[in-house]
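Some notes on the structure that comes next.
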Amino acid sequence: MVSYDELGARIIISFGDGSVFITESTLWGLIVAAILAVLGIWLGSGLEKIPKGKQVIAEFIVGWLYKFTDANLGKENRGYAPYIGTIFGFILLGSSLGIFGIRPITASLNVTAALAVLTFLLIQSSAIRTHGVKGRIKEMCEPYPFMFPLEVIEACTLPVSLALRLFGNILGGLIVVELWMHLMEYLSSLVCNVPFLRAVTVLPINAFFDMFEPVIQTYIFTLLTMINLYTAIKVTESHGQLAQGNRK
C-alpha cells in the first residue's frame, strides 16, 4: 500500500541541517528543461530554404504550434506561441516520465503551482499592457462596480485551479498505477511466487496514465491558458478607445 510519505517527491540532495534540499521533481524538472533547450537548438540549427531531415520535423512542430495558437488567440496574438509551445512541451515531457519508471514532475504541487503562477502573471501583465491600468480596472468593474472584488477573486482562483487540476490528475494516475501493481502482486501470490500479473497488465495501464493522460492534461492546461489570456486581452471598441487615450 502507498504510504503518506511516498506521495511526495523524494529528497535527492540536502544541504546543511536539511532545511535546504533538492527533490527529484526539481532535478528532473531541470533535466527536462535542458532536454527541451538542447532539442530546440538542434532542430533550429542549420536551416535551409528547402527543408529536409530534422528541419521537416521542426517546421511541422512550429507550424502546428502557430495554428494552435492562432485558433485560440487569433493571428494578431501569435507572439504568445513560443510561451504556449514551451509550457506544452515542458508539461507533456514532465508528465510522461512514468514511461521510463520516473516519478512525473507534475505530480508535485510545487511544479504545477509554479507553472500556474507564470501563466497568471502573463495574463495580468498582458491585460495591463493591452488595456492600460485604468482600462483593466474598468473592465473588471463591468457591468457594475461591485463586480470588481468578484473579478479579483476569479482572477486569483485561476492559478489555483490550473495547479490543482494538473497536479491532481497526474498524482491520481500515479496512485492508481501503484495500487493496481500491488493488487496484481497480491493476486499473483495466490497462484505462485512470481508476480506475473504485474507484467501482463502493466502495459495497458501505463499506456493510459503515462501516455494518454499526460497528453490530455497538457492540452487542457495550455487551452485554458489561451482561453483566459484571450479573455483578458481582447479589445472591445470602448476598451480600445480608453487604452489609446491612456497611452496618449
Side-chain angles (χ1 to χ4, degrees), residues 1-44 54 57-58 61 65 82-122 159-182 198-199 202-225:
M1 188 67 65
V2 180
S3 67
Y4 177 80
D5 293 336
E6 293 175 330
L7 294 179
R10 293 181 295 111
I11 296 177
I12 302 298
I13 303 173
S14 59
F15 304 92
D17 59 356
S19 59
V20 179
F21 53 83
I22 296 177
T23 65
E24 58 181 331
S25 294
T26 302
L27 178 62
W28 283 107
L30 293 173
I31 293 175
V32 168
I35 291 174
L36 290 175
V38 172
L39 184 62
I41 294 173
W42 177 68
L43 289 175
K54 65 177 182 178
I57 300 175
I61 295 174
L65 175 61
Y83 175 79
I84 298 300
T86 300
I87 62 172
F88 191 98
F90 184 81
I91 295 174
L92 180 60
L93 184 56
S95 301
S96 303
L97 292 176
I99 299 175
F100 310 102
I102 302 169
R103 188 178 192 274
I105 61 174
T106 47
S108 171
L109 186 57
N110 291 329
V111 174
T112 60
L115 292 169
V117 168
L118 284 176
T119 290
F120 172 78
L121 294 176
L122 173 68
V160 177
S161 174
L162 288 175
L164 291 179
R165 179 184 289 107
L166 179 59
F167 163 72
N169 281 283
I170 299 301
L171 179 62
L174 184 66
I175 293 174
V176 168
V177 171
E178 286 294 325
L179 292 176
W180 180 262
M181 292 296 100
H182 282 291
R198 287 175 61 106
V202 68
L203 292 180
I205 196 170
N206 277 359
F208 179 83
F209 287 108
D210 295 330
M211 297 176 66
F212 180 73
E213 181 73 7
V215 172
I216 295 298
Q217 295 307 318
T218 300
Y219 179 81
I220 291 174
F221 189 99
T222 52
L223 183 62
L224 289 175
T225 295

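By convention here, the first residue in the shown sequence is residue 1. Everything quoted here is computed from the prediction, not taken from an experiment.
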Side-chain heavy atoms of Y219 within contact of L92, under 4.5 Å: no
Any side-chain heavy-atom pair from L115 and L162 closer than 4.5 angstrom? no
Measure the shortest side-chain to side-chain distance between L122 and L118 over non-hydrogen atoms and say whether it is less than 4.5 angstrom. no
Not counting sequence neighbours, which residues clear side chain to side chain contact (heavy atoms under 4.5 Å, CB included) with T86? List them please. none
Show the nearest heavy-atom pair for residues S25 and V111, with the distance to one decimal. CB-CG2, 4.2 Å
Run the side-chain contact (heavy atoms from CB on, under 4.5 Å) check on F209 and L174 step by step: do they pass? CA-CA 8 Å; F209 287 108; L174 184 66; over 6 Å; no
Could you go through the side-chain contact (heavy atoms from CB on, under 4.5 Å) check for R103 and L97 one step at a time? CA-CA 6 Å; R103 188 178 192 274; L97 292 176; over 6 Å; no
Scanning both residues in full, the closest heavy-atom pair of A116 with P159 reads CB-O, 3.1 Å
Once ring-ring contact (aromatic ring centres under 6.0 Å, His included) is applied, do any residues pair with F88, and if so which ones, sequence neighbours excluded? W64
In I91, L171, T106, the residue satisfying side chain to side chain contact (heavy atoms under 4.5 Å, CB included) with T112 is T106
For Y83 and T225, which I'm curious about, is there any donor-acceptor pair between the side chains at under 3.5 Å? no
Atom CG in L36, atom CG in L43: separation rounded to 0.5 Å? 10.5 Å
Set of side chain to side chain contact (heavy atoms under 4.5 Å, CB included) partners for I99, sequence neighbours left out: S96, D210, M211
Heavy-atom side-chain proximity of L109 to L164 below 4.5 angstrom: yes
Could you state the interatomic distance from CZ (R165) to CG (L224), rounded to the nearest 0.5 Å? 5.0 Å
Run the side-chain contact (heavy atoms from CB on, under 4.5 Å) test on F90 and T218 for me, step by step, so that the C-alpha distance in whole Å, both residues' side-chain angles and the decisive distance to 0.1 Å come before the verdict. CA-CA 9 Å; F90 184 81; T218 300; over 6 Å; no
Value for CD (Q217) from CG (L166), rounded to nearest 0.5 Å, stands at 6.5 Å
Flag for T26-T23: side-chain donor and acceptor within less than 3.5 Å: yes
More than 12 heavy atoms of other groups within 6.0 Å of F212 CZ: no
How long is the span from the CG atom in L39 to the CG atom in L93, to the nearest 0.5 Å? 9.0 Å
Quick one: does F208's side chain get under 4.5 Å of V176's, heavy atoms only? no
Rounded to the nearest 0.5 angstrom, the CD1-OG distance for I170 and S95 is 4.0 Å
